[in-house]
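Worth knowing before you read on, the calculation uses all heavy atoms, side chains too, and leaves out hydrogens, waters and symmetry mates. Quick note on labels: first sequence line is chain A, next is B, and so on, each numbered from 1.
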2 protein chains.
Amino acid sequence: MDEPRKRSRPGRAPAPAGRTARPRQSEVARLAGVSQATVSLVLAGKKQGATISDETRQKVLDAARSLGYVPDPAARRLAAARNDLLGVFSFTATFPTDVQHSYYPFLVGVEQEAAARGYDLVLFTGSSTGGAGAAGPDALSRVRLADGCLFLGRHAPAGELRRLVADGFPVVHIGRRDELEGLAWVGADYVSASREVVGRLAALGHRRIVLIREDDDAPASTDREHGFLKGLEAAGLPGGPAAVFRSAAPERELTAERLRGWTDDGVTAFVAEETDTGGAWRALRTAVRDARVDCPSEVSLALLGSPPPDLADGPQVTGFDIPRTRLGAAAVRLLAALVAGEEAAEPLVSCVFRAGATAGPPPAP
Amino acid sequence: MDEPRKRSRPGRAPAPAGRTARPRQSEVARLAGVSQATVSLVLAGKKQGATISDETRQKVLDAARSLGYVPDPAARRLAAARNDLLGVFSFTATFPTDVQHSYYPFLVGVEQEAAARGYDLVLFTGSSTGGAGAAGPDALSRVRLADGCLFLGRHAPAGELRRLVADGFPVVHIGRRDELEGLAWVGADYVSASREVVGRLAALGHRRIVLIREDDDAPASTDREHGFLKGLEAAGLPGGPAAVFRSAAPERELTAERLRGWTDDGVTAFVAEETDTGGAWRALRTAVRDARVDCPSEVSLALLGSPPPDLADGPQVTGFDIPRTRLGAAAVRLLAALVAGEEAAEPLVSCVFRAGATAGPPPAP
DNA sequence: AGGAATCGTTAATGCGTATTAGTTATGCGC
DNA sequence: GCGCATAACTAATACGCATTAACGATTCCT
């Protein structure tokens, strides 16, 4: 005879008054007249260990239903040595006051893919405030509570990241990040996308195309230039340093005069890289307007990415879209693979060409 | 002598190659030369059981840090403790493809407040896709992994919610929801806000004001009407059924004629309730336009909420803003209190009056 | 000086479930 | 009728952590 149900282990926080204890497998077992293990086996429902008689199975199922049994996820996860949690860590707030600055598009994909794979997400509210985790050197160590973790933005401290990677903790970075040996990441395929844009322009009849880029060397910039040059080459067009202009105020500013010079010289199309400020694109638009050349009848313009929000109105810009949602999903897929101990897959996600209205055939000579 | 680390319990999924398992308290203990219990005591950090020497405490902390120890949430939870995780559950996708339909404004507040209190967030990717969780009767049971859970939207199945509440699991619903006995919730104080709007109109000199509402009885509608009537009463203005118009197409539609009837009868201001469709406000604007009365010179208009996004341009509408971000924060505060076993606090968050330009003094008689 | 009170730590136990190694029934062949 | 495989369960154990009773070592008191 065992004590009824009054289990009041001392020291245990007193259960909130009036709280009906949830039924456990052991209670289902008692009601069904079998052992707890049997209940577990039946409820696991695996077709594999089918060594349970139909009669017993039914008794257990009935008992479980009548008691309203629900498994305790904590216990389940503890016993299974996994918790079906994927972390999401962004150095800045994940939900900044301004949606524009948020990772929302990524999160859409992350949530979808995570849900599809049965994972829940842990948002580490790190960094932003020093709440309880403070900003110690082990600030990132809480992420280990998940089975693996996604990092957004390039602000994650390299040292800590390296540590996680070295420990074999599954980590995926959204955005190219290959200076960190062994870090898995997913990124947009700027090379191919840029190359395609050039290809489209060439197909329209353009023979001389110039890339306007800013004067820094982020991977995103380098990739685009690389793709641009490959595109020229593939189309049999003149490449070389003359096809690329690094604008740098004030010495090498993109002025209307300079633009005129190019068009007079036979250049019929311009391509600008996308950056977070949209600097190159802004400069290009301004120069075109000041030079009083019409787009797209006199010059064609294309942007290697999407225009900044404040320039988003007006006719659609020829260029490509970065599939952030798909990137988020790809990141989760990759992370799930790492968690499962598989090898990393293809990290590049292709961008989608956007025809737009700022490019057309070159003017007749 | 115990086996080194090769713990390969049969049946357990083999750890991914090369992956160092997360450190456990027992490993921290070994490194620090103490027992697992001591580690637990030290890491619990309770000032209460201060029966640990500073020297030992330091050894343990160092060991934990150097191993990157992080407690297993499932184990913690199982041992009837807390794990500093708050759940966020929305029946629809938390990050829908369209930001407009998302809970973003709430999440901003939720994240801020959670971070400030040292909680991380678990996003339960429920329902939306049938991924792994399917739609069983225990769909909500996963939330029990967290210390408590926030529910967004009124789609959370009442049965499951009731179950969680009955079991004493801390739950907070964002948005009024008092048909469910014992469910904690936070909501906007529509009564006070509506009352204030009426007060402002009265202060401007309006003596007859009519409320245009839709024909349903959601709490949000009832609250607004209640506040509206209280406002009239406080200002000593005529209330009663005549002051409220339930528009219901087609029998009782809000037509220009009807509007004219009111203005001819001395009504100088109209107030519409906000709904998700914005129906009442749309009808009111249309009627005013068709009746060719000018706003605000001839009639004053106010909206008990914010205009729908597609009507957001033009002059600002007199009314009030629902402080979604603050609501999110308030929800977290309440949830934290419940988790701590305290009693629920004030669930209402006040709205902010928005002066706008659609209301002014009544025309001279 | 002998016993009590105190301090610092550890051994032991439980949380609820999954898994596996038994342990009984039952049926079978010879 | 006696092993022996098979079926149907159950006992035992581990998961990682929190909690507490118990214990050895000091220090304190009278």
Side-chain angles (χ1 to χ4, degrees), chain A residues 2-3 7-15 21-30 32-46 48-60 64 67 69-83 144-145, chain B residues 2-3 7-13 15 21-30 32-46 48-60 64 67 69-84 138 141-142 144-145 167:
Chain A
D2 48 342
E3 55 184 273
R7 98 165 76 80
S8 72
R9 174 168 152 223
R12 176 151 294 235
R22 209 156 24 105
R24 313 294 161 182
Q25 280 190 352
S26 59
E27 312 188 21
V28 174
R30 202 177 313 153
V34 299
S35 74
Q36 175 268 322
T38 302
V39 173
S40 176
L41 286 177
V42 170
L43 295 183
K46 302 277 188 179
Q48 189 236 33
T51 171
I52 300 278
S53 74
D54 282 350
E55 184 192 338
T56 301
R57 179 186 307 281
Q58 203 50 51
K59 270 193 309 189
V60 170
L67 286 182
Y69 170 80
V70 193
D72 180 330
R76 200 196 265 276
R77 290 176 183 187
L78 181 56
R82 54 181 311 192
N83 46 41
R144 297 179 118 106
L145 131 187
Chain B
D2 46 20
E3 54 185 276
R7 100 163 73 82
S8 70
R9 171 164 153 228
R12 178 150 293 234
R22 269 195 1 233
R24 312 292 154 179
Q25 280 191 351
S26 60
E27 313 188 22
V28 174
R30 202 176 314 153
V34 299
S35 74
Q36 174 266 323
T38 302
V39 174
S40 176
L41 287 178
V42 170
L43 295 183
K46 303 276 191 181
Q48 187 234 33
T51 170
I52 299 278
S53 74
D54 281 349
E55 185 191 338
T56 301
R57 178 185 307 280
Q58 203 50 52
K59 271 193 307 187
V60 170
L67 287 181
Y69 170 81
V70 138
D72 180 328
R76 231 178 148 108
R77 198 66 196 132
L78 189 57
R82 46 188 304 182
N83 51 31
D84 291 336
D138 56 339
S141 97
R142 1 175 37 182
R144 302 182 118 105
L145 179 66
D167 286 354

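- Per the geometry, CD belonging to B/Glu55 stands 13 Å off C1' belonging to C/dT9, to the nearest Å.
- Rounded to whole Å, the distance from CG on A/Asp54 to C1' on D/dA7 is 13 Å.
- The B/Asp72 side chain lies nearest to D/dG16 when the options are D/dT10, C/dT17, D/dG16.
- In the helix from C/dA1-D/dT30 to C/dC30-D/dG1, the end axes, each obtained as the rotation axis mapping the C1' atoms of four pairs onto the next four within a five-pair block, lie 60° apart to the nearest 10 degrees.
- Atom CD in B/Gln36 sits about 10 Å away from atom C1' in C/dA11, given to the nearest Å.
- In terms of position on DNA chain C, the residue among B/Gly33 and B/Ala75 whose nearest nucleotide sits closer to the 5' end is B/Gly33.
- Mapping B/Ala74 and A/Val34 onto DNA chain D by nearest heavy atom places A/Val34 at the nucleotide closer to the 5' end.
- OP1 or OP2 of D/dC9 has not a single side-chain nitrogen or oxygen of A/Thr38 nearer than 4.0 Å.
- C/dC15 atom P lies 17 Å from atom CZ of B/Arg144, rounded to whole Å.
- At whole-Å resolution of the value, CG in B/Leu78 and P in D/dC17 are 11 Å apart.
- Between A/Arg76 atom CZ and C/dA18 atom C1' there is a gap of 10 Å when expressed in whole angstrom units.
- Contact between A/Ala75 and B/Leu78 at its shortest, heavy atoms only, is CB-CD1, 3.8 Å.
- Residues B/Leu43 and B/Ala64 share a closest heavy-atom pair of CD2-CB, 4.4 Å.
- To the nearest 0.5 Å, atom CD of residue A/Gln58 and atom CD1 of residue A/Ile52 are 13.0 Å apart.
- Residues satisfying the side chain to side chain contact (heavy atoms under 4.5 Å, CB included) criterion with A/Ala37, sequence neighbours excluded, are A/Ser35.
- Nucleic acid contact for B/Thr56: sugar-phosphate only, since backbone atoms but no base atoms lie under 4.0 Å from a heavy atom of the residue.
- Taking only side-chain atoms of B/Arg24, from C-beta outward, the nucleotide of C/dT17, C/dT10, D/dC17 with the closest atom is D/dC17.
- Under a 3.5 Å cut-off, the side chain of A/Asn83 and the backbone N or O of A/Leu145 do form a donor-acceptor pair.
- Between B/Asp72 atom CG and A/Arg77 atom CZ the span is 10.5 Å, to the nearest 0.5 Å.
- Side-chain contact check for B/Arg144 versus A/Arg22: some heavy-atom pair is nearer than 4.5 Å.
- Listed candidates were C/dA11, D/dA11, D/dC17. Nearest to the side chain of A/Ala37 is D/dA11.
- Atom CG of B/Asn83 is separated from atom P of D/dG16 by 16 Å (rounded to the nearest Å).
- A straight line from CG of A/Leu41 to P of C/dT17 spans 13 Å, rounded to a whole angstrom.
- The side chain of B/Ser53 approaches C/dT9 more closely than any other nucleotide in the set C/dT9, C/dG16, D/dC17.
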